[in-house]
Amino acid sequence: MPTSLRDIAIVAHVDHGKTTLVDAMLWQSGTFRDNEDVQERVMDSMDLERERGITIMAKNMAVRYDDTKINIVDTPGHADFGGEVERTLRMVDGIMLLVDAAEGPLPQTRFVLQKALELELPSIVVLNKIDRDDARPEETLDEIYDLFIDLGADGDQIEFPVLYTIATEGQCATELGGELTDLQPLFDTILDTVPPPRGNAEGTLQMLVTSVKRDNYLGPVAIGRVEQGTLKNRQRVSMCHRDGSMETAEITALFAFEGLERVEVEEAGPGDIVAVAGVEGIGLGESLSDAEDPDPLEPVDVDEPTLSMEFRANTGPFSGREGDYVTSRQLRERLIDESRNNLAIRVEQDEASNCMVVYGRGELQMSILIEQMRREGYEFTVGMPRVITKTVDGTRHEPYEMAEIDIPEEHMGVVVERMGTRKGVMQNVTHHQSGRVRLTFEVPSRGLIGYRSQFLTDTKGTGLLTHRFEDFKPWAGEIPHRTTGALVADRRGKATGYALLNLQDRGTFFVGPGDAVYEGMIVGENNRTQDLDVNITKEKKLTNMRAAAGEELERLPPPRDLSLEESIEFLRADELIEVTPEAIRLRKRYLDPNQRKKANQHAYAE
């Protein structure tokens with residue numbers, strides 16, 4: 001057992017260097033051998049995390065510094081995964097707030113800090129990327145102080161230590177402009193600022209479960225922190241559920257964390273973050289306690305979801321061709337399993353429309369779930385994201401977001417105009433010396449659905465858009481969504497270059513020559529507002545006259561390849577995304593044109 005213990009969470013906005021700093025801490029604490037081959041951003045273990053460069057799931061590891069064991073939890077940096085952050089903060093006694101010295105505190109920084117202050121956790125502020133040409137550490141530090149004051153921090157909380165780092169180099173300084181050394185000052189600051197666990201090892205056992213992972217050999221493995229008492233291998237414990245019920249179970253395996261590895265131990269005391277097997281049926285945010293005299297902890301609650309999407313089995317003509325799991329039963333079991341392992345996800349069965357309704361925090365969280373299921377071999381369809389409304393004092397309310405937009409000054413006009421049409425109200429404007437401007441808008445969540453791709457087009461890829469949930473406020477009225485119609489295939493077959501060439505004036509196509517299509521499949525975006533049924537399988541009639549067809553085919557533009565996020569943004573209420581392991585297709589909810597016409601007339605009458 002180490003002579004002392006510290007539990008700390010590293011929190012930051014997306015791409016501020018959090019996982020890179022964890023890499024440097026692992027190396028400099030001696031966790032890896034000098035000749036060991038270790039990939040970059042080793043904590044980003046999921047394929048999706050590596051591809052997107054973001055942290056999605058909270059993960060923990062431990063390093064040794066002198067005689068102290070430091071448990072470090074790496075948390076997601078996007079507000080859509082706030083449920084991970086809220087669970088994680090209950091496992092630690094302090095936070096390390098990492099902020100980009102150029103970008104300053106962004107919406108997720110505010111969200112995480114607010115949760116940490118509510119739990120009265122001490123903070124260490126680390127200004128990273130001080131070597132950037134546009135770094136402005138003094139201004140950024142002032143913004144952080146303003147943020148603490150704005151969130152109601154008391155005198156002790158605002159007296160936080162500040163360190164300056166270059167995470168990619170593993171360097172650190174205690175003063176701005178001071179000598180850069182290794183990360184020893186950072187480790188020393190953690191020991192001085194974060195208090196050791198306060199639990200009594202002789203008291204009644206209390207362990208908070210913050211995540212449950214499935215193991216092929218051990219079954220469900222619950223990960224959490226021992227708050228009080230001593231947990232031993234083969235001990236009988238009470239599983240204290242959220243609804244107040246209790247079940248008895250026996251610990252079949254007990255693991256602690258050393259570096260990135262799980263190490264089997266015989267017992268764990270207060271403050272230890274452990275993995276426990278043998279507790280089948282324990283849920284997230286619930287607790288383990290003494291079997292004879294249980295004393296459960298308060299369950300972890302997370303902020304309510306703001307968005308919903310419908311998931312249903314694929315009923316299209318290509319159903320069952322590409323997926324391994326295609327039935328509605330398999331889809332329902334997978335989604336229910338996800339809701340058990342992710343507190344920010346809620347799943348309900350909609351008997352009327354024979355689909356599963358999934359409630360979550362935002363488009364990104366939904367797209368990550370869809371992509372994970374697609375890679376696991378599931379085949380299904382999803383509908384357009386819809387915001388969750390509630391009635392307050394007889395008035396319809398909807399979720400509002402606080403959006404922060406960082407753009408070059410020359411794009412300010414078009415962005416302000418776009419946000420205005422989406423019911424956004426400007427709250428603040430900050431001009432930076434670098435020629436960029438930061439705009440703060442209060443905007444309905446509906447107004448941001450489908451805006452990101454338009455925003456990147458308007459700012460020529462140079463803009464940054466981040467947002468976080470603010471509150472439920474009165475309904476803002478109608479917000480225009482997609483102003484263009486869809487090009488819909490009117491028969492089954494394969495797209496031909498001849499047909500695409502003749503129809504290219506009608507709009508932009510999502511398919512190319514030789515792609516299989518079916519009736520009701522969306523094959524392109526119409527230039528006009530209404531939908532248009534087209535025949536893209538038409539072939540050229542053979543004649544005995546020579547024609548230079550090759551020159552015409554060369555003028556056929558390549559199809560527009562929509563990503564999953566772009567497909568979600570494109571959707572209208574009467575459209576679905578068909579998701580399979582091999583492809584992502586857009587289709588109409590009703591494939592038959594006569595059924596579509598009746599449904600549109602019914603919707604118009606309502």
Side-chain angles (χ1 to χ4, degrees), residues 308-323 326 328 331 350 352-358 363 366-367 370 374 379-386 449-450 453 480-495 499-500 503 506-512 515-538 559-580 582-606:
S308 70
M309 290 180 75
E310 59 180 54
F311 285 59
R312 60 179 73 223
N314 183 15
T315 56
F318 296 168
S319 173
R321 288 187 179 185
E322 300 166 354
V326 298
S328 56
L331 179 64
D350 187 344
S353 56
N354 193 28
C355 70
M356 301 293 290
V357 181
V358 179
E363 283 181 88
M366 292 296 192
S367 68
I370 293 168
R374 186 172 84 89
E379 184 177 311
F380 54 97
T381 60
V382 295
M384 174 185 173
R386 299 175 185 273
I449 294 176
S453 58
H481 181 45
R482 197 178 83 219
T483 56
T484 55
L487 297 174
V488 185
D490 66 355
R491 67 198 68 195
R492 187 168 175 172
K494 288 190 175 181
L500 290 170
L503 291 169
R506 297 289 190 176
T508 306
F509 283 94
F510 305 148
V511 297
D515 289 345
V517 299
Y518 55 81
E519 184 181 25
M521 178 175 163
I522 297 173
V523 294
E525 183 177 10
N526 193 5
N527 289 333
R528 299 187 178 181
T529 56
Q530 70 271 22
D531 294 340
L532 179 67
D533 290 346
V534 294
N535 177 12
I536 63 167
T537 64
K538 186 177 181 180
R560 180 177 161 197
D561 190 14
L562 292 180
S563 67
L564 178 57
E565 284 83 2
E566 288 171 333
S567 300
I568 292 174
E569 292 177 358
F570 184 84
L571 280 185
R572 278 180 175 169
D574 66 332
E575 297 166 352
L576 300 172
I577 303 175
E578 181 182 320
V579 181
T580 76
E582 304 294 329
I584 295 172
R585 304 181 184 94
L586 293 167
R587 51 162 282 189
K588 286 294 182 179
R589 187 180 294 270
Y590 299 99
L591 300 180
D592 182 81
N594 294 321
Q595 285 186 323
R596 280 204 303 276
K597 192 173 181 179
K598 288 178 183 176
N600 290 336
Q601 289 173 346
H602 181 67
Y604 184 76
E606 289 183 345

Within this structure, what is the [atom1]-[atom2] distance for the pair [X] and [Y], rounded to the nearest 0.5 Å?
| X | Y | atom1 | atom2 | answer |
| --- | --- | --- | --- | --- |
| Met366 | Ser308 | CE | OG | 6.5 Å |
| Asp515 | Met521 | CG | CE | 7.0 Å |
| Glu582 | Arg321 | CD | CZ | 12.5 Å |
| Cys355 | Met309 | SG | CE | 11.5 Å |

Partners of [X] by side-chain contact (heavy atoms from CB on, under 4.5 Å), sequence neighbours excluded?
| X | answer |
| --- | --- |
| Ala583 | Glu322, Thr580, Arg585 |
| Ile577 | Val382, Ser567, Ile568, Leu571, Val579, Ile584, Leu586 |
| Arg596 | Val488, Asp533, Lys588, Tyr590, Pro593 |
| Asn526 | Leu487, Arg528, Leu532 |

Checklist line | Pair listing, salt bridge (Lys or Arg N to Asp or Glu O under 4.0 Å) test, anchored in residues 483-495, at least two apart | finding: none
Next item on the list: Measure from the side-chain N and O atoms of Glu575 to the backbone N and O of Met384, and report whether any donor-acceptor pair falls under 3.5 Å.
Entry: no
Next item on the list: Give a yes or no answer on whether the side chain of Ser319 reaches the backbone of Asn314 with a donor-acceptor pair at less than 3.5 Å.
Entry: yes
Notebook entry, point to check: Mind checking whether Phe510 and Phe570 have parallel, tilted or perpendicular rings, split at 30° and 60°?
Noted result: perpendicular
Notebook entry, point to check: Which is it for Glu310 and Leu576 under the side chain to side chain contact (heavy atoms under 4.5 Å, CB included) test, yes or no, and what are the steps along the way?
Noted result: CA-CA 9 Å; Glu310 59 180 54; Leu576 300 172; 4.0 Å; yes
Would you say [X] and [Y] make side-chain contact, with heavy atoms under 4.5 Å?
| X | Y | answer |
| --- | --- | --- |
| Asp350 | Arg312 | no |
| Thr537 | Val517 | yes |
| Glu578 | Tyr518 | yes |

Note to self: Tell me every residue that passes ring pair (Phe, Tyr, Trp, His ring centres under 6.0 Å) with Phe509, counting only those two or more places apart in sequence or in another chain.
What the structure shows: none
Check: Considering all heavy atoms of both residues, which atom of Ser328 and which atom of Ala313 are nearest to each other, and what is their separation?
Finding: N-CB, 4.0 Å
Notebook entry, point to check: Looking only at heavy atoms, which two atoms of Arg386 and Ala573 are closest? And how far apart?
Noted result: NH2-CB, 3.8 Å
Checklist line | Glu566/Arg560 under salt bridge (Lys or Arg N to Asp or Glu O under 4.0 Å): CA gap, chis, key distance, verdict | finding: CA-CA 11 Å; Glu566 288 171 333; Arg560 180 177 161 197; 5.6 Å; no
